[in-house]
Student: 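Provided herewith is a single structure, encoded as structure tokens, for subsequent inquiry.
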Protein chains: 2
Amino acid sequence: MATLEDIAKVAHVSKMTVSRAINHPELVRDELKTSIFSAMHELNYRPNVAAKALVNNKTQVIKFFVLEDIDITEPYYMKLLVGIAEYLAKYQYSLQLMTDQHLDIGASDGYIITGMRDEDYDWIKRLELPVVLFGENRWRLDFVDTNNEMGTQMATRYALEQGYDRVVFIGIDVKEPFEYSRENGYIQVMQENQRMPEIHRFANHSHLAMDFIEATWSRITPNTCFICASDRLAFGIQKGILQMSPEIATDYGVIGFDGVFLDQVATPQLTTVEQPMYELGEACAELLLRKIKDNYYPLEERLLQPKLKIGGSTRKK
Amino acid sequence: MATLEDIAKVAHVSKMTVSRAINHPELVRDELKTSIFSAMHELNYRPNVAAKALVNNKTQVIKFFVLEDIDITEPYYMKLLVGIAEYLAKYQYSLQLMTDQHLDIGASDGYIITGMRDEDYDWIKRLELPVVLFGENRWRLDFVDTNNEMGTQMATRYALEQGYDRVVFIGIDVKEPFEYSRENGYIQVMQENQRMPEIHRFANHSHLAMDFIEATWSRITPNTCFICASDRLAFGIQKGILQMSPEIATDYGVIGFDGVFLDQVATPQLTTVEQPMYELGEACAELLLRKIKDNYYPLEERLLQPKLKIGGSTRKK
DNA sequence: AAGATTGCTGTTACCGCTAACAAGATTTAC
DNA sequence: GTAAATCTTGTTAGCGGTAACAGCAATCTT
């Protein structure tokens with residue numbers, strides 16, 4: 001593998017100049033830079049990450065904590081992870097994935113954390129390295145998330161546009177900021193349109209949503225659309241409705257939230273608010289690397305736009 | 001952060017002796033080792049991975065290639081990845097996740113590859129670092145996989161034990177070793193029991209399996225059990241049957257393969273051959289690290305035992 | 001008892017890179 | 001025209017480890 005020294009010889013400069021051409025190009029004459037870069041290309045130079053890490057007292061490693069139960073959230077995080085990992089790789093960072101914070105062996109340059117619960121705040125606030133959370137939070141910690149409010153706004157507006165008389169929100173029964181945001185988005189659009197909001201909440205399990213439909217079927221009038229806070233709930237709602245009436249696509253509507261795997265498994269496929277998981281991953285990584293580099297941390301909250309993905313669980317037109 | 005030098009001072013030896021106490025303890029007097037280890041404990045010593053990597057001409061990075069379409073396989077690989085990552089972290093290795101082999105920037109000490117297709121053999125054989133595949137293959141490359149044959153044997157035996165008259169195999173229409181193994185397991189048990197094997201194959205999409213049931217329903221006698229080569233197909237078979245007859249649990253049976261997410265989404269939950277994904281991940285990592293350390297590579301093929309997970313898609317007793 | 005062997009520890013040099021400083025050349029200031 | 005400022009490049013040292021070798025005492029050979 002070519003080293004700085006090798007490049008230096010070919011370009012007839014010292015290795016320090018080569019190093020500078022890479023890290024502080026403004027300090028090197030253009031003429032030299034040209035020959036240095038062509039030498040680098042010729043020798044297929046790849047910086048030695050370990051050497052760089054050693055001299056900078058860094059590790060070039062980022063830890064990604066998944067604090068939620070991985071069995072339940074499996075499909076959700078894979079794309080996020082890919083987004084994170086590919087962005088990091090571009091900047092010669094690699095990843096350690098942790099599902100249990102006590103296993104915290106070895107050093108890193110920063111943390112990306114998802115699935116944080118209230119009791120995690122204690123140890124997270126004590127971390128001495130830059131941290132980025134995936135998911136809104138009430139602790140004034142930097143985070144990246146989907147614009148949850150906008151997501152349910154889009155969903156609710158779409159339901160109204162399709163002419164559903166009654167638009168009901170099926171929420172997740174947790175006291176988390178993301179849930180409040182989703183409910184808010186729904187409520188806002190309902191109020192803008194002088195409609196009465198109607199919200200029901202369940203733990204995030206499809207069978208609870210399904211049971212709800214079956215238990216209250218007599219009171220569920222046709223031409224109702226359910227805006228759900230997750231695809232999991234939407235999946236249950238849809239199953240319940242199909243059990244009671246096969247005419248879902250025309251008489252009823254179901255809109256989910258997430259757009260990760262489950263929406264495609266459903267038949268018909270769910271109309272859903274799709275989170276840009278890959279881009280969210282990239283954004284987490286980008287924000288974290290910036291915090292590491294700048295060593296100065298104004299609070300940053302980044303919200304990415306979701307996309308309404310039309311499936312067969314709502315009527316067309 | 002404490003360094004070897006710090007330990008050395010406290011233990012009144014040279015840093016070389018400390019290094020030896022860690023890496024070649026047989027060359028150091030017990031007496032010194034005791035004081036060195038207690039100094040290490042006292043100062044909470046953690047080796048500097050970058051320094052070690054630099055001097056050993058290693059990177060302490062492993063690349064994990066997912067060559068299949070991540071959208072489709074999302075839930076499947078998450079647990080595998082966790083298994084890999086946590087094992088690697090224990091030995092101070094970190095991970096780079098690649099979903100596109102052309103993005104191959106930066107060095108590593110070895111590769112774990114999954115979803116390899118025939119056309120990938122070309123570049124994989126040219127890799128100069130140790131490689132472990134996840135998944136059986138015909139190329140004499142080291143691999144780790146579930147014991148696929150045993151999996152369908154278990155499933156087929158269970159179906160016969162439950163008294164199903166007719167046991168049909170629904171395969172994936174690909175010419176891959178894992179599929180042959182799964183079909184073989186089924187065929188073997190059928191022959192042991194003097195039954196005629198019956199195999200149908202489809203691309204791995206649930207709706208194809210569902211369509212098959214609907215199209216051939218008149219020829220599908222009650223008391224039939226379907227052994228499927230994936231949960232995806234099993235999911236489709238189940239949906240098809242439910243559409244035709246609500247009595248699946250007593251008249252029909254469906255057994256899937258994978259046990260990753262989809263089996264739990266189905267209603268009733270699928271009986272399935274569960275792959276030990278976490279352990280498979282650990283095994284991939286363990287095998288690869290061993291190959292890196294030993295620098296000598298006898299072909300190794302490691303098969304882990306699957307587990308039959310009983311759900312509601314087969315009858316009890 | 002002298003030389004050879006063994007067992008254990010220390011010294012040196014180096015892995016590839018970069019910050020800090022040194023130093024020469026050129027431009028600017030007055 | 002000379003001193004100071006600026007621009008550009010090179011030299012040195014060191015990040016935290018480890019291999020290779022040197023050195024010395026204790027033990028073994030014959």
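Computed from a predicted model, the values in this text were never measured in an experiment. Letters go in sequence order (proteins before strands), and every chain restarts at 1. All heavy atoms count here, side chains included; hydrogens, waters and symmetry mates do not.
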Student: Tell me if the side-chain of B:R20 makes a donor-acceptor pair with the base of C:dG10, cut-off 3.5 Å, by modelled atom types.
Tutor: yes
Student: Of the nucleotides C:dT9, D:dT18, D:dA19, which has the atom closest to the B:N23 side chain?
Tutor: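 The answer is D:dT18, which lies nearest to the side chain.
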Student: Taking 4.0 angstrom as the limit, do B:D122 and B:K125 come out as a salt bridge?
Tutor: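 Answer for the salt bridge query: yes.
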Student: Between atom CZ in B:R29 and atom P in C:dT6, what is the gap in whole Å?
Tutor: 20 Å
Student: The side chain of B:N48 lies closest to which of these nucleotides: C:dG16, D:dG17, C:dC17?
Tutor: D:dG17
Student: Quick check on C:dT18: is either OP1 or OP2 less than 4.0 Å from any side-chain nitrogen or oxygen of A:S19?
Tutor: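 For C:dT18, OP1/OP2 do have a side-chain N/O of A:S19 under 4.0 Å.
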Student: Give the nucleotide from the list D:dG16, C:dC17, D:dA19 with an atom nearest to the side chain of A:Y45.
Tutor: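 Shortest atom-to-atom distance from the side chain points to C:dC17.
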Student: Between C:dT18 atom P and A:L27 atom CG, what is the distance in whole Å?
Tutor: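 In whole Å, C:dT18 P lies 13 Å from A:L27 CG.
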Student: Let me know the distance between CD of B:E5 and P of D:dG14, rounded to the nearest Å.
Tutor: 12 Å
Student: Within the structure, does a side-chain N or O atom of B:H24 lie under 4.0 Å from either OP1 or OP2 of D:dT18?
Tutor: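 It does not, given that no N or O in the side chain of B:H24 lies less than 4.0 Å from OP1 or OP2 of D:dT18.
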Student: With distance as the sole criterion, do the side chain of B:K15 and the base of D:dG17 form a donor-acceptor contact below 3.5 Å?
Tutor: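 Between D:dG17 and B:K15, which were checked side chain against base, a qualifying N/O pair under 3.5 Å is present.
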Student: Just how far, in rounded Å, is P of C:dT9 from CD of B:E26?
Tutor: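 Interatomic distance, CD of B:E26 to P of C:dT9: 12 Å.
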Student: Please determine whether salt bridge (charged side-chain N to carboxylate O under 4.0 Å, His left out) holds for the pair B:D118 and B:K175, giving the CA-CA distance in whole Å, both sets of side-chain angles, and the decisive distance to 0.1 Å.
Tutor: CA-CA 10 Å; B:D118 283 1; B:K175 298 189 192 315; over 6 Å; no
Student: Out of C:dC15, C:dC17, D:dT11, which nucleotide sits closest to the side chain of A:T3?
Tutor: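 Per side-chain heavy atoms of A:T3, the pick is C:dC17.
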Student: Return yes if a side-chain donor-acceptor contact under 3.5 Å exists between A:Q96 and B:Y93, otherwise no.
Tutor: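 The criterion, which ignores hydrogens and geometry beyond distance, is not satisfied for B:Y93 and A:Q96.
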Student: Report the nucleotide, chosen from C:dG10, C:dC15, C:dC17, that has the shortest atom-to-atom distance to any side-chain atom of B:L54.
Tutor: C:dC15
Student: Return the nearest nucleotide to the side chain of B:M16; candidates are D:dC15, C:dG10, C:dT9.
Tutor: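 For B:M16, the side-chain atoms sit closest to C:dG10.
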Student: At 4.0 Å (heavy atoms only), tell me whether A:T17 reaches a base, stays on the sugar-phosphate, or touches nothing.
Tutor: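 Here A:T17 touches the backbone only, sparing every base.
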Student: Just how far, in rounded Å, is P of C:dC17 from CD of A:Q92?
Tutor: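 Whole-Å distance recorded here is 11 Å.
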Student: Which whole-number value in Å describes the distance from A:N56 CG to C:dA19 P?
Tutor: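 So the two atoms are 6 Å apart, to the nearest Å.
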Student: What's the closest nucleotide to the B:V55 side chain, out of D:dT18, C:dC8, C:dG16?
Tutor: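 Output: D:dT18.
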Student: Salt-bridged, B:E68 to B:R117, with N to O below 4.0 Å?
Tutor: no
Student: Calculate the interatomic distance between A:I22 atom CD1 and C:dT18 atom P; express it in whole Å.
Tutor: 6 Å
Student: Walk me through whether A:F64 and A:T114 qualify under side-chain contact (heavy atoms from CB on, under 4.5 Å).
Tutor: CA-CA 8 Å; A:F64 179 44; A:T114 183; 3.8 Å; yes
Student: The side chain of B:S14 lies closest to which of these nucleotides: C:dT11, D:dG16, D:dT9?
Tutor: C:dT11
Student: Round to the nearest Å and state the distance from B:K9 atom NZ to C:dG10 atom C1'.
Tutor: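 Result: 16 Å.
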Student: For ring pair (Phe, Tyr, Trp, His ring centres under 6.0 Å), just list the numbers for A:F261 and A:Y76, CA-CA rounded to whole Å, side-chain angles, deciding distance to a tenth of an Å, and then say yes or no.
Tutor: CA-CA 8 Å; A:F261 194 73; A:Y76 191 64; over 10 Å; no
